[in-house]
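Data first, discussion second: the structure below is written as structure tokens.
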Amino acid sequence: MNFRPYTLAATTLLVALAAAVTVSAHMAYSKSMPAKDAALTQSPDHLQVWFTQDPEPALSLLSLEGPNGEIPLGQTTVGDEKSLVADVPAPLAPGTYTVKWRSAGDDGHVQRGDFAFSIRAAE
Ligand SMILES: [Cu+2]
């Protein structure tokens, strides 16, 4: 069989589109509080991460890493509008922090991600 170049290009495009549709069916990060790369002047008293689908509680976890390692958080719970929430029990010192999330949406596939924010020293 002999494919003309445009046939091959069209086939490649269709395969790429099919892959993109499959990927977009997974749950994904939507926004957060603190926002990604935010520079805060005060410690947040909780973390909240919103997703594109309702998080499955049994597969969901928020964790926080600071300049000196992991920081204990309150229990991860499901919040409003497809979000996860966890309390920050003790005020965070100035520095850079990474929020790590793990969750799954409609199809049960576990997704992971992380984002950073920082707290600036008071002036
Ligand atoms: Cu999936």
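Note that ligands are numbered from 1 as they come in the structure, with each ligand's atoms numbered from 1 the same way.
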Please name the pair of heavy atoms, one in Leu84 and one in Arg102, separated by the smallest distance, quoted to 0.1 Å.
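Closest approach of Leu84 to Arg102: CD1-O, 4.3 Å.
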How close do Leu73 and Pro89 get, counting heavy atoms only, and between which atoms?
CA-CD, 3.9 Å
Relative to the Cu ion (ligand 1), which of the N, O or S atoms in [X] is the closest?
{"X": "Asp107", "answer": "OD2"}
{"X": "His26", "answer": "ND1"}
{"X": "His109", "answer": "ND1"}

Metal site the Cu ion (ligand 1): N/O/S of Asp106 inside 2.8 Å
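No.
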Look at the side chain of Thr76 and the backbone N and O of Ser60, then say whether any donor-acceptor pair between them is shorter than 3.5 Å.
no
What class does the angle between the rings of His26 and His109 fall in, given that below 30° is parallel, 30 to 60° is tilted and above 60° is perpendicular?
tilted
